[in-house]
Number of protein chains: 2
Amino acid sequence: MTSSRSADPGPAADLAPPRRRDARATRRRILEAAQHAFSETGYSHAGLRDIAARAGTSSTLVLRYFGSKVALFEAALTAAMPVQDTLRWSRDEYPERLAEALLDTANPVRPPLMIALASGDPEAAAAAARVTEARIIGPVAAWLGGADARSRALGIAALATGFATFMRQLPLTPLPPAEQAHQTAWFIGAVRALVEGDGGPPGDAPAG
Amino acid sequence: MTSSRSADPGPAADLAPPRRRDARATRRRILEAAQHAFSETGYSHAGLRDIAARAGTSSTLVLRYFGSKVALFEAALTAAMPVQDTLRWSRDEYPERLAEALLDTANPVRPPLMIALASGDPEAAAAAARVTEARIIGPVAAWLGGADARSRALGIAALATGFATFMRQLPLTPLPPAEQAHQTAWFIGAVRALVEGDGGPPGDAPAG
DNA sequence: CCCGTAAGTTACCGATCGATAACTTACGGG
DNA sequence: CCCGTAAGTTATCGATCGGTAACTTACGGG
C-alpha cells in the first residue's frame, strides 16, 4: 500500500510516533469496539455512544467514518469473520478448533452472536445475511466441496450460532463439567459429520 | 379511530355474548400479539405500541395487564412453549415433528427465535433463560432420561435455535429444494442422535 | 334506577436513540 | 511562518421508546 505520508516510517511501524490525530488508528479502534459491543449486546442494544466511548471518541466521528450504524455493523461483522483462519485448518482438526474458538472466553468477539442478535432489525439482518453468504457460506462450501456443500456450510453456521447462543449468551444455570464436556463432544461430532459429508463423498476421504 | 362499535356485533360471535369489555379476551389477544411480534422482530425491536395495535388496544392497557415489557415477554414466551405437545410425540417421530413445527410457515410463533432474539437485552435474556430451563431443559431432559439428559436437551434447543435463525429469520438466498431437503434431513438426523442418546441407552426403547 | 368499579382511552413524561450542523484544533506542505 | 484541510468536539434535532397519571365509559349488583 502506498502511504501518502512523508518518508517511509520504517519497517517498525508498530512503534508509531505519538500522533495525536491518527485517522487509521481511530478507525481501527472504532471497528474493534464495535465488534465487542455487537458481540456482547447485539445490534439493537449496542448504541453508537457506547461504541464511541469504548473507542475513546464520539459518536459523531463513528458516523463520519462509517456512514451509518448498519454500515458500521456490516464492516465490523466482516472484520470479525475468521474465515481466512478457519480454512487453514485441516478437515480433521476443524471441528475441535471451531469448538475451541467458540468457547474461548478470552476472545470477546463472536461472529455467530453478532449474526443471531442482529436478525431482529431488518436492515441489520440483511447486512448479516450478505456477510454470511460472502464470508461463510461461500468460502466454507468451496472448502468442503461436494454437491451438498452449501447446505453443509449452512448447517455448520447454524450449529455454531445455536451453540454460541446457549453456551455463551443465555444466562442459564451452568452445566456440570461432565455434561459440559458431553455437550462439547456432541457439537464436535455434529460438525464433523457435516465436514465429512452425509453419505461420505466417494473417494474423497482425507487420509488422516 | 378504526371501527364504529355500535350496532354490529358481527356474524355469530361464536357463542360468546357480545361483550364490548372483556378483560380475558383482551388479555388473550395481547398475549397472542406479543407472541407474534416477539417471534418476528425480537424483544428489542418489538414495541409495546406495535403489540397493542396488533391486539387492537393501547400500550397502556398492555402494561396494566402485564406490568412491564419484560414481564409480558416472559408470559408470551411461556405461553408459546409447545412442550406439552412435543412430549406427547414418540421418540421415533420426535425429530421429524420438530422439524415440521419449526418450518411450518403457517405458524408465526417461533419460541426458538423469541429466545435467540431476546438474548441481547440482559433482562429479557434472564427471562428467556428462566423459561427455557423450566419449560424446555427440565421437561425434555426428564422425557429423554439418562445421565446426559440435560446436555442432550440443551443440544436440541440450541440446534432448533440455530436452525430457525438461519432458515426463517436471516434473509439468505434460499437454498434450492434439493439442498433444502438435505438440510432438513441433516437437522432431523442430528436431533435423532440427541434423542436416542450418544452411546444409546440399553433397553430403553419406548413402545410408540 | 344508580352508582361503584373495572375496562379502556388520551395526554404526556423523561430518557435514549441515530443522525446532522456548526465549530475548534492540530498536522503538514508550500 | 502560514494556512488549507483533515481530525475531532459540542450542541442539538426529531423520533421513538417504556412507563405513568388522569380522565372517560360501560357493565352489573343493589
Side-chain angles (χ1 to χ4, degrees), chain A residues 3-9 16-31 33-34 37-38 41-76 118 120-124 127, chain B residues 1-7 9 16-30 33-34 37-38 41-76 118 120-124 127:
Chain A
S3 172
S4 64
R5 304 269 187 76
S6 54
D8 188 9
R19 289 197 51 167
R20 299 167 58 185
R21 292 188 166 189
D22 193 330
R24 277 204 292 259
T26 303
R27 187 188 166 96
R28 181 172 42 80
R29 287 204 321 270
I30 292 173
L31 206 57
F38 288 139
T41 60
Y43 177 78
S44 299
H45 202 262
L48 291 180
R49 288 168 178 81
D50 316 328
I51 297 173
R54 289 177 190 237
T57 80
S58 59
S59 65
T60 312
L61 211 52
V62 174
L63 286 176
R64 172 112 58 100
Y65 279 147
F66 293 93
S68 69
K69 187 188 181 182
V70 69
L72 169 65
F73 172 74
E74 188 158 352
D121 185 278
E123 285 187 291
Chain B
M1 309 316 168
T2 54
S3 67
S4 59
R5 48 275 290 267
S6 62
R19 287 195 55 165
R20 298 163 59 185
R21 293 188 166 190
D22 193 330
R24 278 202 295 257
T26 302
R27 186 187 168 96
R28 182 173 42 79
R29 287 205 320 272
I30 292 172
F38 287 139
T41 59
Y43 177 77
S44 299
H45 201 260
L48 291 179
R49 288 167 177 84
D50 315 329
I51 297 172
R54 288 178 191 238
T57 81
S58 59
S59 66
T60 313
L61 211 54
V62 174
L63 285 176
R64 180 141 68 182
Y65 279 147
F66 293 93
S68 68
K69 187 188 182 182
V70 69
L72 169 65
F73 173 73
E74 188 158 352
D121 185 279
E123 285 188 292

Quiz item: Between B/Tyr65 and B/Arg27, which heavy-atom pair has the shortest distance, and what is it?
Solution: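 Closest heavy-atom pair between B/Tyr65 and B/Arg27: O-NH1, 3.3 Å.
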Exercise. Can you see which heavy atom on A/Ala52 is nearest to which on A/Ser59, and at what distance?
Key: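 A/Ala52 and A/Ser59 have their closest heavy atoms at CB-N, 3.4 Å.
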Please report the distance, rounded to the nearest Å, between [atom1] in [X] and [atom2] in [N].
X	N	atom1	atom2	result
B/Asp121	D/dG18	CG	C1'	12 Å
B/Arg24	C/dA6	CZ	P	15 Å
A/Leu61	D/dT10	CG	P	12 Å
A/Asp22	D/dG8	CG	P	8 Å

Quiz item: So which of residues 44-58 of chain B are in contact with DNA chain D, with a heavy-atom cut-off of under 4.0 Å?
Solution: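 B/Ala46, B/Gly47, B/Leu48, B/Arg49 - these, ordered by number, are the residues of the stretch whose heavy atoms sit under 4.0 Å from the strand.
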Quiz item: Taking the side chain of A/Leu63 as its heavy atoms from C-beta onward, which of D/dG19, C/dA19, C/dT9 lies nearest to it?
Solution: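 Of D/dG19, C/dA19, C/dT9, C/dA19 is nearest to the side chain of A/Leu63.
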Self-check item: Selected nucleotide, minimal atom distance to B/Arg21 side chain, candidates D/dG19, D/dA7, D/dT25
Solution: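 Among D/dG19, D/dA7, D/dT25, the one nearest the side chain of B/Arg21 is D/dT25.
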I'd like to check the side chain to side chain contact (heavy atoms under 4.5 Å, CB included) partners of [X]; sequence neighbours left out, ordered by chain and number.
X	value
A/Ala76	A/Leu31, A/Ala34, A/Gln35, A/Phe38, A/Met114
B/Ser58	B/Thr60, B/Leu61
A/Thr41	A/His45, A/Ala46
A/Leu63	A/Leu48

Self-check item: pair A/Val70-A/Asp121: side-chain heavy atoms closer than 4.5 Å
Solution: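 The answer is no; the side chains never approach within 4.5 Å.
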Exercise. Kindly state each residue pair satisfying salt bridge (charged side-chain N to carboxylate O under 4.0 Å, His left out) with at least one member in residues 46-55 of chain A, sequence neighbours excluded.
Key: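 Of all non-adjacent pairs touching residues 46-55 of chain A, those that pass salt bridge (charged side-chain N to carboxylate O under 4.0 Å, His left out) are A/Glu40-A/Arg54.
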Practice problem: Please list all pairs passing the salt bridge (charged side-chain N to carboxylate O under 4.0 Å, His left out) test where one or both residues lie in residues 57-69 of chain A, with sequence neighbours left out. | Solution: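 Non-adjacent pairs meeting salt bridge (charged side-chain N to carboxylate O under 4.0 Å, His left out): zero.
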Quiz item: Looking at CD of B/Glu74 and CD of B/Glu123, how far apart are the two atoms once the value is rounded to the nearest 0.5 Å?
Solution: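 Reported value, rounded in 0.5 Å steps: 10.5 Å.
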Exercise. Nearest 0.5 Å please: distance from the OG1 atom of B/Thr26 over to the CZ atom of B/Arg21.
Key: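 CZ of B/Arg21 is found 10.0 Å from OG1 of B/Thr26.
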Quiz item: Does OP1 or OP2 of D/dG8 have a side-chain N or O of A/Thr26 closer than 4.0 Å?
Solution: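 Answer yes for this pair, as a side-chain N or O of A/Thr26 is under 4.0 Å from OP1 or OP2.
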Quiz item: Between residues 64-72 of chain B and DNA chain C, which residues have a heavy-atom gap below 4.0 Å?
Solution: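 Only B/Arg64, B/Tyr65 qualify.
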Quiz item: What dot-bracket string describes DNA chain D from 5' to 3', counting Watson-Crick and G-U wobble pairs whose defining distances are under 3.5 Å, with [ ] for crossing pairs and | for pairs to another strand?
Solution: ||||||||||||||||||||||||||||||
